[in-house]
J.: 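For reference, the structure I am asking about is given below.
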Amino acid sequence: MRKEAVKQMLQSYREDKARCQYLENEIPQLEKMADTLRKEMVDDAVSITQVISDMPRGTSVSDPTGKLGALFAAGYVPDHIRQVETQIRAKRRELSRKQITVTLVDSALTGLTDRERFVVERKFIDGMFWRELIEAYRGTFAMHYSKSAMKKITDTALDKMSRIME
């Protein structure tokens with residue numbers, strides 16, 4: 001994998017991870033709602049057909065409940081339930097795509113040394129500027145490195161991550 005692709009994954013990592021957590025909570029709620037709607041769809045449809053306001057008109061005999069029964073037996077699903085199920089499928093696909101990125105980044109970060117991981121996380125995930133990164137590095141590791149030394153650590157780390165993610 002190219003270093004630019006790794007950088008992009010790192011930059012979207014925090015948002016992707018948060019989105020995964022959100023989707024992991026939202027999908028079961030939508031599934032529960034769809035299940036409830038499916039259980040109640042026949043009752044809801046039948047109660048709508050039972051409203052009788054006047055004498056029947058016309059010459060044909062109608063059986064709205066029988067027609068609904070035939071529809072449901074043939075696999076009919078109301079639009080509002082299909083919309084919820086479409087949302088569930090779309091969110092599952094999104095979760096699957098984002099989980100790949102999160103898993104790749106998590107795995108690649110474990111292959112780095114503590115110093116490399118510190119620099120990569122602060123630079124790309126946290127979005128620190130070089131000056132802030134150098135000060136944070138000095139505060140954590142009690143060592144002062146120049147910007148060029150930090151860039152070298154970053155390049156080494158990105159190369160490692162690229163090889164891990166291949």
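Nothing fancy with the numbering, it's 1 onward along the sequence.
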J.: Tell me, please, which residues at least two apart from Glu24 pass salt bridge (Lys or Arg N to Asp or Glu O under 4.0 Å).
T.: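 Partners of Glu24 by the salt bridge (Lys or Arg N to Asp or Glu O under 4.0 Å) criterion come out as none, since no residue qualifies.
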J.: With sequence neighbours left out, write down each residue that passes salt bridge (Lys or Arg N to Asp or Glu O under 4.0 Å) with Arg97, or none if nothing qualifies.
T.: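 In terms of salt bridge (Lys or Arg N to Asp or Glu O under 4.0 Å), with neighbours along the sequence ignored, Arg97 is linked to no residue.
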J.: Transitively linked via ILVMFWY side-chain contacts under 4.5 Å: Leu104 with Leu158?
T.: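 Both belong to a single hydrophobic cluster.
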J.: I'd like to check the salt bridge (Lys or Arg N to Asp or Glu O under 4.0 Å) partners of Glu121; sequence neighbours left out, ordered by chain and number.
T.: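 If we apply the salt bridge (Lys or Arg N to Asp or Glu O under 4.0 Å) test to Glu121, skipping adjacent residues, there are no hits.
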J.: For a 4.5 angstrom cut-off between non-hydrogen side-chain atoms, does His144 reach Tyr137?
T.: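 His144 vs Tyr137: side chains apart.
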J.: Return the CG to OG1 distance between Asp16 and Thr103, rounded to the nearest 0.5 Å.
T.: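 Output value for this atom pair is 11.0 Å.
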J.: Tyr22: what forms a ring-ring contact (aromatic ring centres under 6.0 Å, His included) with it, not counting sequence neighbours?
T.: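 ring-ring contact (aromatic ring centres under 6.0 Å, His included) check on Tyr22 returns nothing, list empty.
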J.: Working to the nearest 0.5 Å, report the span between OG of Ser162 and CG of Asp155.
T.: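 Taking OG in Ser162 and CG in Asp155, the distance rounds to 10.0 Å.
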J.: Heavy-atom distance under 4.5 Å between the side chains of Thr140 and Phe118, does that happen here?
T.: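 Result yes, sub-4.5 Å side-chain heavy-atom pair found.
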J.: Report, as yes or no, whether the 6.0 Å neighbourhood of atom CD on Glu15 holds more than 12 heavy atoms from other residues, nucleotides or ligands.
T.: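 For Glu15, atom CD is not crowded (no more than 12 foreign heavy atoms under 6.0 Å).
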J.: Side-chain donor-acceptor pairs under 3.5 Å in residues 2-11, sequence neighbours left out?
T.:
{"from": "Lys3", "atom 1": "NZ", "to": "Asp159", "atom 2": "OD1", "distance (Å)": "3.4"}
{"from": "Glu4", "atom 1": "OE2", "to": "Lys7", "atom 2": "NZ", "distance (Å)": "3.4"}

J.: Would you mind listing every ring pair (Phe, Tyr, Trp, His ring centres under 6.0 Å) that reaches into residues 81-102, with sequence neighbours excluded?
T.: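 As it turns out, there is no ring pair (Phe, Tyr, Trp, His ring centres under 6.0 Å) pair with a partner in residues 81-102 once direct neighbours are skipped.
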J.: How many angstroms lie between OG in Ser12 and NZ in Lys17, if you round to the nearest 0.5 Å?
T.: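 Those atoms lie 13.0 Å apart.
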J.: What's the separation between atom CG in Leu95 and atom SG in Cys20, rounded to the nearest 0.5 Å?
T.: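 Those atoms lie 5.0 Å apart.
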J.: Rounded to the nearest 0.5 Å, how far apart are CD of Glu85 and CG of Asp35?
T.: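 Nearest 0.5 Å value for the CD-CG distance: 9.5 Å.
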J.: Of all residues at least two apart in sequence or in a different chain, which pass the side chain to side chain donor-acceptor pair (under 3.5 Å) check with Arg93?
T.: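 If we apply the side chain to side chain donor-acceptor pair (under 3.5 Å) test to Arg93, skipping adjacent residues, there are no hits.
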J.: Say whether Leu109 and Ile164 are linked into one hydrophobic cluster, either directly or through other cluster members, by side-chain heavy-atom distances under 4.5 angstrom.
T.: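 Shared cluster, no.
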J.: Would you check, one step at a time, whether the test side chain to side chain contact (heavy atoms under 4.5 Å, CB included) holds for Val102 with Tyr13?
T.: CA-CA 6 Å; Val102 170; Tyr13 172 76; 4.1 Å; yes
J.: Verify side chain to side chain contact (heavy atoms under 4.5 Å, CB included) between Val105 and Met165, making sure each step is shown before the conclusion.
T.: CA-CA 8 Å; Val105 172; Met165 291 183 183; 4.1 Å; yes
J.: Of all the heavy-atom pairs spanning Thr110 and Ser107, show the shortest one and how long it is.
T.: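 Closest approach of Thr110 to Ser107, heavy atoms only: OG1-O, 2.6 Å.
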J.: Which donor-acceptor pairs under 3.5 Å do the side chains of residues 122-134 make with protein atoms, sequence neighbours left out?
T.:
{"from": "Lys123", "atom 1": "NZ", "to": "Met128", "atom 2": "O", "distance (Å)": "3.4"}
{"from": "Asp126", "atom 1": "OD1", "to": "Arg14", "atom 2": "NH2", "distance (Å)": "2.2"}
{"from": "Glu132", "atom 1": "OE1", "to": "Phe129", "atom 2": "N", "distance (Å)": "2.8"}

J.: NZ/Lys91 to NZ/Lys98 distance, rounded to the nearest 0.5 angstrom?
T.: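 Rounded to the nearest 0.5 Å, the NZ-NZ separation comes out at 11.5 Å.
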J.: Over all heavy atoms of both residues, which pair between Arg117 and Leu112 is shortest? Give the atoms and the distance, please.
T.: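 Where Arg117 meets Leu112 most closely, the heavy atoms are NH2-O, 3.1 Å.
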J.: Among all residues two or more places apart in sequence or in another chain, which pass the salt bridge (Lys or Arg N to Asp or Glu O under 4.0 Å) test with Glu94?
T.: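 Salt bridge (Lys or Arg N to Asp or Glu O under 4.0 Å) check on Glu94 returns Arg19.
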J.: Test: salt bridge (charged side-chain N to carboxylate O under 4.0 Å, His left out). Region: residues 138-151. Which pairs qualify, not counting sequence neighbours?
T.: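 Non-adjacent pairs meeting salt bridge (charged side-chain N to carboxylate O under 4.0 Å, His left out): zero.
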J.: Output every pair passing ring pair (Phe, Tyr, Trp, His ring centres under 6.0 Å) with a member in residues 92-115, not counting sequence neighbours, ordered by first then second residue.
T.: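 Qualifying pairs: none.
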J.: Going by the rule side chain to side chain donor-acceptor pair (under 3.5 Å), which residues pair with Tyr145 if we only count those two or more places apart in sequence or in a different chain?
T.: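 Per chain and number, Tyr145 pairs via side chain to side chain donor-acceptor pair (under 3.5 Å) with no residue.
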